[in-house]
Amino acid sequence: MQEILVLNSGSSSVKFALYHITAEDAACGTQEALTLAYSGHFSGLATSQCRVSLAHREPGQPPHRYGLQTLEALGLTPAINHEEAITKLMTWLEQREDKSTLVAIGHRVVHGGQTYCEATKLSANDVIELEKFSSLAPLHQPHGLAPIKLLMAQLPDVPQIACFDTAFHAHQPWVARQFALPRELTAKGLIRYGFHGLSYDYIQRTLPNVLPDDAPRSRVVVAHLGNGASMCAIRDGVSVASSMGFTALDGLPMGTRSGALDPGLVLHLIGHKAMSVEDVSTLLYKRSGLLGVSGISSDMRELLASDAPEAEEAVELYCYRAAREIASLAGALGGLDQLVFTAGIGEHAAPVRERIVAQCEWLGMQLDEKANKRDACCISSPSSRVGVWVIPTDEERVIASDCLALLNRVDQAAF
């Protein structure tokens with residue numbers, strides 16, 4: 001049997017998933033040709049809260065989650081940094097009893113610029129080019145590329161394949177990608193890129209299997225609401241507009257990121273408050289958003305549980321901005337058929353969904369309160385003109401599927 005490893009490396013974590021390729025279906029390159037065998041997570045890297053988890057999955061069975069003693073016996077103990085996490089993971093993969101042939105390692109890379117618009121088998125020169133985008137995604141790009149460089153050296157014969165969060169948005173209408181800047185700057189790549197594309201890609205692939213056969217589906221807005229948050233307008237399966245732009249800082253307020261703000265405010269901070277570029281970057285990326293407004297936490301769960309007025313103000317602002325963005329994207333679509341909530345907050349924070357939908361009633365949305373409270377898949381009432389859904393995202397499966405499709409294309413080209 002052959003298998004594909006997927007790595008999703010964040011600022012303080014490494015998520016991983018191992019997929020077995022079903023031999024009889026491998027040539028189709030679809031998600032159905034992949035069976036999730038293991039999934040896990042190194043979290044709290046470079047902090048005092050480092051942890052590791054691992055689950056084994058058998059088809060048709062609930063996941064078996066390993067306890068601490070078993071993890072220690074397997075060598076999967078908490079790691080202090082990304083390199084140690086990757087080293088422990090690869091050692092376990094090599095030594096496990098059910099080891100199969102590793103044919104590719106797929107990586108989530110946040111920014112692909114204008115050049116990388118599909119899954120790509122990386123060379124050393126590709127990595128150098130991708131490092132140039134680190135300033136546009138400083139919380140993500142360096143951490144996404146670090147495992148690639150490490151594994152290129154350790155496993156030179158195993159393809160390292162990058163899948164890009166920007167790729168799903170690469171075919172938006174040009175008017176949706178432009179800033180009103182001088183043309184010479186636009187020509188240098190100062191355009192809207194959009195992010196969370198792997199998540200949106202998964203939703204658009206999955207939605208046809210979720211919606212009733214007679215449900216309209218041409219105009220969809222997906223709300224990816226997590227510690228990082230954005231929204232995307234999708235027409236007939238294709239991204240046409242996104243709340244995020246040149247960087248992953250734009251758009252909605254997030255856990256610690258400000259979201260959209262007046263660029264004149266940034267000029268004011270630099271010119272009149274004597275803040276350096278580094279100071280402003282730290283402010284907007286790490287001290288703003290839910291954390292900045294509440295002064296309490298970047299975690300929506302803590303804010304919803306808090307009685308502090310500052311927590312309520314942060315939640316109110318978050319939901320208000322989300323409702324405004326839905327209206328904007330509905331305008332880009334010329335109407336709205338379906339709204340999908342996904343990611344951590346979108347999938348689990350019923351009060352947030354309730355507030356957002358209430359502010360979108362004018363679009364024809366009506367909530368089924370009981371369905372919403374139990375995090376049901378469909379949370380709109382039967383009389384709602386717009387369907388409202390909760391669909392868990394799965395970026396790792398999209399990466400594995402795109403890796404398999406790329407491997408199949410390479411194999412076919414060899415004949």
Side-chain angles (χ1 to χ4, degrees), residues 6 8-17 39-45 47 49 51 53 55 63 65 108 110 137 139-140 143-144 165 195-203 206 221-232 242-244 248-249 251-259 285-286 288-294 296-306 311 314-319 321-323 325-326 339-357 371-377 379 388-399:
V6 173
N8 187 340
S9 184
S11 59
S12 62
S13 66
V14 175
K15 294 171 64 178
F16 59 90
S39 62
H41 192 191
F42 288 91
S43 61
L45 302 177
T47 75
Q49 303 297 318
R51 295 184 178 88
S53 65
R65 304 187 185 282
R108 178 196 177 204
V110 167
L139 299 183
H140 304 90
H143 298 293
D165 260 335
F195 299 89
H196 292 135
L198 296 170
S199 175
Y200 296 129
D201 197 358
Y202 178 80
I203 297 298
T206 302
V221 168
V222 182
H224 178 107
L225 305 181
N227 188 52
S230 70
M231 292 188 186
C232 181
S242 174
S243 62
M244 281 183 170
L249 187 61
L252 303 173
M254 303 172 226
T256 62
R257 284 173 264 174
S258 65
Y285 275 103
K286 298 182 179 180
S288 298
L290 293 174
L291 175 63
V293 177
S294 70
I296 297 171
S297 175
S298 63
D299 192 322
M300 181 62 78
R301 293 168 296 187
E302 293 185 31
L303 298 180
L304 290 172
S306 175
V315 175
E316 181 182 24
L317 176 59
Y318 185 93
C319 296
R321 291 281 295 277
E325 196 62 46
I326 291 170
L339 171 66
V340 179
F341 289 100
T342 194
I345 296 173
E347 294 170 25
H348 303 296
V352 171
R353 297 193 301 259
E354 181 179 8
R355 289 187 185 210
I356 293 172
V357 172
N372 183 52
K373 287 180 180 178
R374 66 173 186 270
D375 297 333
C377 180
I379 61 172
V388 186
W389 306 84
V390 179
I391 302 177
T393 194
D394 193 342
E395 295 168 329
E396 288 75 29
R397 181 165 286 275
V398 169
I399 294 170

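Keep in mind that what you see is a predicted model, and the values were worked out from it rather than measured.
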Taking [X] for the side chain and [Y] for the main chain, is one N or O donor matched with an acceptor at less than 3.5 Å?
X	Y	result
Ser306	Glu302	no
Asp165	Leu198	yes
Glu347	Asp375	no
Glu325	Arg321	no
Arg353	Phe341	no
Ser43	Ser13	no
Arg355	Ala323	no
Ser9	His143	yes
Asn8	Arg108	no

Got a sec, which residues hit side-chain contact (heavy atoms from CB on, under 4.5 Å) with Met254, two or more places apart in sequence or on another chain? Ala229, Met244, Arg257

Applying side-chain contact (heavy atoms from CB on, under 4.5 Å), name anything that partners Ala314, two or more places apart in sequence or on another chain.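 So Ala314 forms a side-chain contact (heavy atoms from CB on, under 4.5 Å) with Leu290, Val293, Ser294, Leu303.
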
Reported CG-to-CD1 distance for the pair Asn227 and Ile345, which is rounded to 0.5 angstrom: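 Nearest 0.5 Å value for the CG-CD1 distance: 7.5 Å.
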
Of the non-hydrogen atoms in [X] and [Y], which two are nearest, and what is the gap between them?
X	Y	result
Val390	Ala376	CB-O, 3.4 Å
Tyr202	Arg397	CE1-CD, 4.4 Å
Tyr318	Leu225	OH-CB, 3.4 Å

Parallel, tilted or perpendicular: ring planes of His224 versus His196, cut at 30 and 60 degrees: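 Ring orientation, 0 to 90° scale: parallel.
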
side-chain contact (heavy atoms from CB on, under 4.5 Å) test vs Met231 passes for just one of Leu252, Val222, Leu339, Val340, namely Leu252

Residues that Arg65 engages under side chain to side chain donor-acceptor pair (under 3.5 Å), provided they are two or more places apart: none

